[in-house]
Amino acid sequence: MTPLLEIRDYTLDFQTRAGPFRALDGVSLAVAPGEVLGLVGESGSGKTTLAMAVMRHLAGNARERGGSIRFDGRELIGIAPAEVRALRGRRIGMVFQNPATSLNPTLTLGRQITEVLERHRGLSPRAAATEAVDWLGRVELRNPAALMRRDPHQLSGGEKQRVVIAATFAVHPDLILFDEPTTALDVITGARILELFRRLRAETGVTGLYISHDLAVVSRIADRVAVLRHGRLLEQAPAATLFHAPQNDYTRRLIASVPKPEHRLVQDTPGAEKILEADHLGVAYWRPRLFGRQIFVGVHDVTLDVRAGEILGVVGESGSGKSTIARALTGLAHATGEIRLDGALVGRMGRAYRRAVQIIFQHPDSSLNPRQRIGEILARPLRLYGGSPREIPDLLAQVHLPAEYAHRWPHQLSGGEKQRVAIARAFAARPRLVICDEITAALDVSVQAAVIELLLDLRRQHGTAYLFITHDLNLVRQIAHRLAVMQHGELVDLLGIDDLGSGRENAYTRALMEASPAPVG
Amino acid sequence: MISRRQIFAGAAVLGAASLVPGLGQAQPAPRRGGVLRISVDQAAGVLNPLLTRVNPEYLVAELLYSGLTRLRADMTAEPDLAESWTSTPDLAEWTFKLRAGLVFHDGTPCTSRDVAASFTAMLDPKTASAARTNIGPIAEVSAPDAQTVVFKLKGGYADLPVALAYTNAKIIPEKIAAGDMSVLSRSAIGTGPFKLVSFEPERQIVVARNEHYWDPARPHVDRVEVLVYPDPAAEASALIAGDTDLMASAQPSEFPRLASASGVKALRVPSGQFLNINMACDLKPFDDVRVRRALALTVDREAMVGFAAQGFGTPGNDTPLSPAYHFYQQAPLLKRNIPDAKRFLAEAGYPNGLDLTLVASDTPSTRTQLGVAVREMAKEAGFRIQVQTMPHATYLAQVWTKGNFYVGFYNMQASADAIFSLLYTSNAAWPETRWKNPDFDKLIGEARVTADEARRRDIYGQAQALMREGVPSVIPVFFDLLAAQRPYVQGYQLNPRGAVFSLDKLWLGEGAPKRR
Amino acid sequence: MNDLLRRLLATRQGALGVVLLVLVAFCCIAGPWLAPYDAEQIDFLGRFAAPGTRHLLGADQLGRDVLSRLLTGARTTVPAALGATLLGTLAGAVAGTLSAYLGGHWDEAIMRTIDAVMALPGLLLALLVANTLGAGGLGAVLAVAVAFAPGMARITRSVALAVRRQEYVSAAIARGESGTYIVLREMLPNVVAPVIVETTIRVAFAVMLFATLSFLGLGAQPPAPEWGLMVSEGRRYLHQAPWLVVVPGVAIAITAIGFNLLGDGLRDALNPRDER
Amino acid sequence: MSARWLLRRLLLVFYTLLVVSILVFAITQVLPADAAVTLLGENASVEALAAVRSRLGLNDPVWLQFWHWIAGVAQGNLGVSMRTGQPVGPTMLIALSRSLLLAVCSIGLMLVVAVPLGVLAALRRGKAADLGVGLVSYLGVSVPEFVTATVVLVVLADRLQWLPATGYVPLTENFWDGVRHLVAPVLTVSIVLVAHVSRMVRSETADVLSSDYVAAARLKGLSGRVVLLRHVLRNALLPVVTVVALDVGYLLGGIIVVEEIFAIPGIGRQLLVAIENRDLPAMQAGALIMAATYAFANFLADLAYAFLDRRIRYE
């Protein structure tokens, strides 16, 4: 069968001040009609650039250096702008990564669907509206007729993504490009969107190019998978083949770094001694109002403890209150209830407490002061907790960074390196407990794996306990001894890792587990 | 000894001459009708004629109100509401006869009771009218009958008819003068040639012909619109563009442009308006006359006419009387003489020069120009002068009549006595220099009770000599009054006094735009 | 610092702004020595001399050399504008940071009051203050500073709040750092950059506000060769000697454009996204 | 938006006016000149000054004067001008209406010019058109109004004689004449506004152009015109609403100079005259009315913003 989309030896450069940067290097791939091809790569691999090349939507500094992109037998490189517009949306649709920003905030949802129906299917406004309502129903949105008049900001992320999907499918395109459509969504929501896509694919038989950094997701959806790295296509194979018998070294490493819950990285059992206890912890976020007070609840009545050397995982959807616990335990949020360190009640968090309990934040870009060199950043806690700046090289060595990094500025470091500095900063205090607040969420899978390895390494050396906050259930199942599950600001479950899947867990915990993408392999 | 009849006759003859415009010249007869647009450079905020303070306000007050007398361009008095006047031989009691059938704008008759009440109000300190100190030494005003007003003075005063032409000496109804005067800040009830139509102080004031004016021949125009232009360049542009017919006053900086513009007639008249440098004669260092004379000697008066007046003026000789005054005495112009100035300064005890701060208010801006020029001229003689400019309001509150070295600015006054007793006698209304010279005071007092013209000239000559000698203030320059009009405006005469306009006497000739 | 200058010069606006301001700064430093005449030397015969060999940029109503006045006046005009802006920025920055630091009801009260003060147009506020303090250099400097302070407070506060939310500040709090350390060492260096950009652009406004105050008779006072005052004085002779308005007018515009360009250049150069 | 939001917002306006009242009153108290002296000018005698002071209530303690004033304001009586004796409230409101006419015309002209310029510059980023617009806007914000006004006056009124030099004619009195008198001042005020707003529009449009939803609109195959009109402009112009409201503050200030030069008896000039004459009631009333106008403009902008941008819901 002739491929619907066929890319051959496609090479593309970006002109930069430092000279040309090769974004895509001799990429060749093909998608047959009715097939879904998964395109996997980490950030900077060129996967989105490839999608944009197909859509003929390239940045002004892009230079195509050779190769061809053929769609339905026609060469796309060099076609007229009018023809491009006839292809876009009509024959090649696209679903974007972030539904919050890909919908126009000032147009009603209805208008954003009907405008493409009117343009591409030539429907009258009335017919387009009928069709749009129909499609909103087909993507399982409730009360479609009312939704037509709503604005994007009134919908949740998952609902918005359904609207985008409806608008894309409604035109009946031949090919749909999916650019990380679930990445910005919660685990459970993402899983439901994948479910929807599978159903629609079965109904319409659409051809797809599914781009993702998440091997687990791709493994669920794609017939074949291609792996992209630094602009080069490393490997292309049917999904099962690729995951079970990867040919390429990088693919192999990539697959290895995907968290697999069964593959425990921590074998020891922690002691029974409780380092930190939180009793009936509550945080109420409130904003002052002119009349009375409007109170927003952060977390409510959370009781948990962390034992010496233990890794306690805290999971939950965004907004469930996970991070609020971290803020309460480090004094960043005013909390009610009691906190005990080594059994002693903590009133004002003094130096001893601060030293014992350290925190690492989610965003490597904002957790290091951009106006301080790495050396200064590390020297401060050393001085504060009785160390000496002479220990900086050792600290850097512990997190596998060269000593000369002390003289660098944060912006000269990569995301993974910055997070290592943040880890070094926490360990400068020689803490007994480190709170890790979604510290790998912003990192690529392979970098994430390295950071986890580093943390476990440090734990082996210092016997540090972790309160590990994450939304990635698969990851936490690899390392945690116990699991705390948060929902709507409340602790709904606190159980040993072995109890997962034993039936003793909470219903919500079970839903969370089921929604987590099935691991590869 | 002069008879009352003589004075009366003199006034009457001059009055008659001005009633027939252009007597002796072949001028076309005045045309009746039309709308005159006159521009002024400042808002006319105060409508109450007893309280007006600036030229645009005087202009408006003159349109709406009348006094007993009016000032002619030669600084003599012409009859207005009064048709004649006489005095006792000692000049201490004056009797004015009113015209018959005078009515206010509201239709009520205007009698001597109204006149007496108006003057009583002016003289009341609570009214705070500037007239109080400017209309002569009046002790009492009475109205023996409906047509007669009698002024009893504290002493003889030869200039009373001229003094009564003072800008604030306007006649208002008795019930207002004796009661609540605040009604006059919004409306106008006078006996003037025009009635108030609309009053927007910052934009325009419109008046229309008073059909019951005492002189049926006047005013000639139906309506006058007084337009306010705060920016002098814009005001000149408006005249050049034909938006206005007459500019009440023009800045020296705009005058050359106006003079050369087509369709514009530039007007210029020498005046007694002057800038002076006031020195506190009761404080160091100016209590020493040598310091004052030293400063006077540093000033190049011819050059100052150029610097301060752009050439539109006459040099001054440190007396407030310019050639435009009746009793001006010619004297050789003081020449700039730096060696003498230095010598005087050294003799006074300042061989190494003197540090001084000269204060200049920011309005009019010529004050600063003069200050800066004096500073540069006096530098060579050892005067190290710092010029300090300040907002007019601050100047009035903090410096005026209090400071020891500042720039003053005065309109021409109607008589020599008016300017001398305003500024330089020991009991001056505005004791700017605190120059106490008994000889000078005696001369001024004597001139007041002297009716003989030649004798008065002699006395005022001596007074001027004393001032040149004593230099209470340096008066280096007199300004010409400048104005401009469209050529079709007829019968307008620029009055050197600066605060007198007589717009009822002008008319619009051939070529005037038709305005509704 | 060199690094910053290099990045600044790499932007088109920054480079042009630096060139213009170097020129202006040169006039400020060397102006009086370069001036061919004494700036206050009056000359009766030279009044309104047109630009030519004797007076390169003409002479004014008192025969003073316009070029000399321009060069000498740079010292009054530019430092006054700079000083006023810095003073206003300092006052605003203190109020803004304080407001952001105190937070809660205090923040609300301070900011609402500042908003209220901002309801008075800057020029009006400056006019009132200049009238109160008396016309003249110092009064005008304070007036401009007072007019600028509320705006700067608002900007500083919003920047400070944004910085306050950064995780490195949370890290410092969690570490148990003192308030002083957090404000001075963690927050301030990051607040300063955007405030500097805003300040630079405001210097341009200050130059013009000064000129306007002088125009209205409340700025520098004669015979000071302040540029705004020169325009205001020269305006009366516009038809006779247009160079009296044009020359200082252009000088004001060049300075203002210079600071505007520098501000935009700094904005780009200080943007951490471009720091590579 | 809820009634509670409205109430709160109105309370803020009220607070603004209170702060401004206190501020202006405080300033008038320390002004280095006596209203009575200024009022009487060089004719002031000691008795006259005392008479005027007691008539104006200047001898009362400060707090009493403030109380009298505030109590008057609360009853809608802003006092009587010390200079002209006219009630200042109506005078200032009439003046305000003239200033607003000037302001509204200027904003109108500005929008007509600045929006296309800004959008053009954003669409042609880095090209000649962008640089041209940039240059114009730099010039516009760098030349003081009194210079621009002078140039406009000299060129349009003196040299070309297209327009009357200055002055103000109410539109109700003579419509066309009124319009002719408005052109030059509106032009002057607009120049600065255009410079300011076109820069703003450019950067907003550039932001929107690089947004995901515009890219999405393009990738949906919509025509360039539809993308620009339906997706770009609406979002880019939203923030301009706020800027225009803030510019009302600038306008009311900048208008002082323009009104002075063009002899428009608007609130700016009234205030200037009041300040020069130390006419305290007029100063207080003028400043208060200006502040109220500004506060009200901001209130309207908030409302407009809520109406135009449905993401905003005021609680």
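Just so it is clear: chains get the letters A, B, ... in the order the sequence lines come, proteins before strands, and each one is counted from 1.
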For the residue pair C:Thr113 and D:Tyr15, establish whether any side-chain heavy-atom pair is separated by less than 4.5 Å.
yes
Should D:Thr150 and C:Arg235 count as side-chain neighbours, where that means a heavy-atom distance under 4.5 Å?
yes
Measuring heavy-atom distances to chain C, does [X] have an atom under 4.5 Å in its side chain, in its backbone, in both, or in neither?
X	value
D:Ile22	neither
D:Leu272	side chain
D:Val143	both
D:Leu12	side chain
D:Val141	both

Considering residues at least two apart in sequence or located in another chain, which fulfil the side chain to side chain contact (heavy atoms under 4.5 Å, CB included) criterion with C:Ala81?
C:Val203, C:Ala206, C:Val207, C:Phe210
Smallest heavy-atom separation, D:Ile261 atom then D:Ala149 atom, equals CD1-CB, 3.8 Å
Could you give the distance from CG (D:Asn298) to CE (C:Met118), rounded to the nearest 0.5 Å?
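Output value for this atom pair is 9.0 Å.
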On the 0 to 90° scale, with breaks at 30° and 60°, tag the D:Phe66-D:Phe25 ring pair as parallel, tilted or perpendicular.
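Rings of D:Phe66 and D:Phe25: perpendicular, as their planes differ by over 60°.
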Does any heavy atom of chain D fall under 4.5 Å from the side chain of C:Leu128, the backbone, both, or neither of them?
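Both parts, heavy atoms under 4.5 Å.
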So for C:Leu125, is it side chain, backbone, both, or neither that comes closer than 4.5 Å to the heavy atoms of chain D?
side chain
Looking at C:Leu209, C:Leu261, C:Val250, C:Val117, which has the largest count of heavy-atom pairs under 4.5 Å with chain D?
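Ranked by heavy-atom pairs under 4.5 Å with chain D, first place is C:Leu261.
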Of C:Ser232, C:Pro242, C:Ala256, the largest count of non-hydrogen pairs under 4.5 angstrom with chain D goes to C:Ala256
Partners of C:Arg112 by salt bridge (Lys or Arg N to Asp or Glu O under 4.0 Å), sequence neighbours excluded?
C:Glu108, C:Asp115
Pick from D:Val147, D:Leu18, D:Val20 with the largest number of heavy-atom pairs that fall under 4.5 Å of chain C
D:Val20
